[in-house]
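First up is the structure itself, then whatever we jot down about it.
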Amino acid sequence: GANEHPSYRDAPAVPAKSIYTQSFGATGFGTYQYAWGNWASGEWGNRAIQGVWNGYGNKAGHIFFNMSSIRSFIGSGTIQSATITLTRRQAGGYSSATNIYLNGSSVSSAAGTPSYSNHTLIGSLSWGERKTFTVPNSIMLNIKNGISNSLACYSSTYSSAYAEIVAATLTIKVKK
């Protein structure tokens with residue numbers, strides 16, 4: 001007679017996940033002026049200005065990116081990390097290091113009244129300095145989920161926080 005033997009079948013191999021990295025340059029900048037409840041135009045509208053200088057009222061500098069490209073890149077993947085490289089203008093405010101505060105912002109262009117989330121002190125920049133900072137995962141999750149539509153340099157307490165950001169690149173690492 002024949003003996004019965006249990007039959008074993010190996011589970012199919014799970015494809016290994018890979019880490020992908022992509023950088024996204026800013027597509028534009030804007031500055032919301034709280035003293036007047038509007039978006040700056042002209043010279044001030046072409047950079048992201050954070051803080052107060054010479055009594056002109058608090059400002060929030062917005063950095064716009066192609067969010068559909070960013071969300072497409074992230075897809076259903078898991079964000080591993082993100083950095084942002086910022087360049088401060090060689091003028092405006094004090095020349096010494098100024099604290100930079102990063103937030104997620106609700107607006108996708110220089111229109112409407114912005115609201116902010118995940119306010120974080122990321123570091124400091126002096127005149128003309130270019131540095132790379134870590135973007136908090138909470139901000140990146142809000143970008144992925146469509147809650148935040150831009151990044152903003154903004155501090156509601158604004159003391160000694162005036163800075164003009166003129167260039168930005170966001171680099172994201174995703175596991176998928």
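Residue numbers start at 1 and run along the sequence shown. Excluded from the calculations below are hydrogen atoms, water molecules and symmetry mates; all remaining heavy atoms, backbone and side chain alike, are included.
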Which pair of non-hydrogen atoms, one from [X] and one from [Y], has the smallest distance, and what is that distance?
X	Y	result
Ile63	Ser150	O-CB, 3.4 Å
Tyr101	Ser155	CD1-CB, 3.5 Å
Thr132	Thr85	OG1-OG1, 2.7 Å
Ile74	Lys176	O-CD, 4.3 Å
Trp39	Ser109	CZ2-O, 4.0 Å

Going from [atom1] on [X] to [atom2] on [Y], what distance comes out if it is rounded to the nearest 0.5 angstrom?
X	Y	atom1	atom2	value
Gln22	Ser72	CD	OG	8.5 Å
His119	Asn103	NE2	CG	6.0 Å
Ile165	Ile100	CD1	CD1	4.5 Å
Asn66	Phe73	CG	CZ	13.5 Å
Phe133	Thr83	CZ	OG1	11.0 Å
Arg88	Ser124	CZ	OG	9.5 Å

Item to check | Met140 with Ile147, same ILVMFWY side-chain cluster at under 4.5 Å | outcome: no
Next on the checklist: Please say yes or no: joined through hydrophobic side-chain contacts below 4.5 Å, possibly via intermediate residues, are Ile139 and Ile172 part of one cluster?
Outcome noted: yes
Checklist outcome for this item: Residues at least two apart in sequence or cross-chain that pass side chain to side chain donor-acceptor pair (under 3.5 Å) with Thr171, listed by chain then number, are Ser23
Next on the checklist: side chain to side chain donor-acceptor pair (under 3.5 Å), that's the test. Do His62 and Ser105 meet it? Break it down for me.
Outcome noted: CA-CA 8 Å; His62 290 73; Ser105 174; 3.1 Å; yes
Item to check | Between Ser115 and Ser106: side-chain donor-acceptor atoms closer than 3.5 Å | outcome: yes
Checklist entry - Parallel under 30°, tilted from 30 to 60°, perpendicular over 60°: which one fits the rings of Tyr34 and Tyr32? => result perpendicular
Checklist entry - Parallel under 30°, tilted from 30 to 60°, perpendicular over 60°: which one fits the rings of Tyr116 and Tyr154? => result parallel
Next on the checklist: Would you say the rings of Tyr94 and Trp53 are close, in the sense that their centroids are separated by under 6.0 Å?
Outcome noted: yes
Checklist entry - Got a sec: does the OH of Tyr56 have more than 12 other heavy atoms crowding it under 6.0 Å? => result no
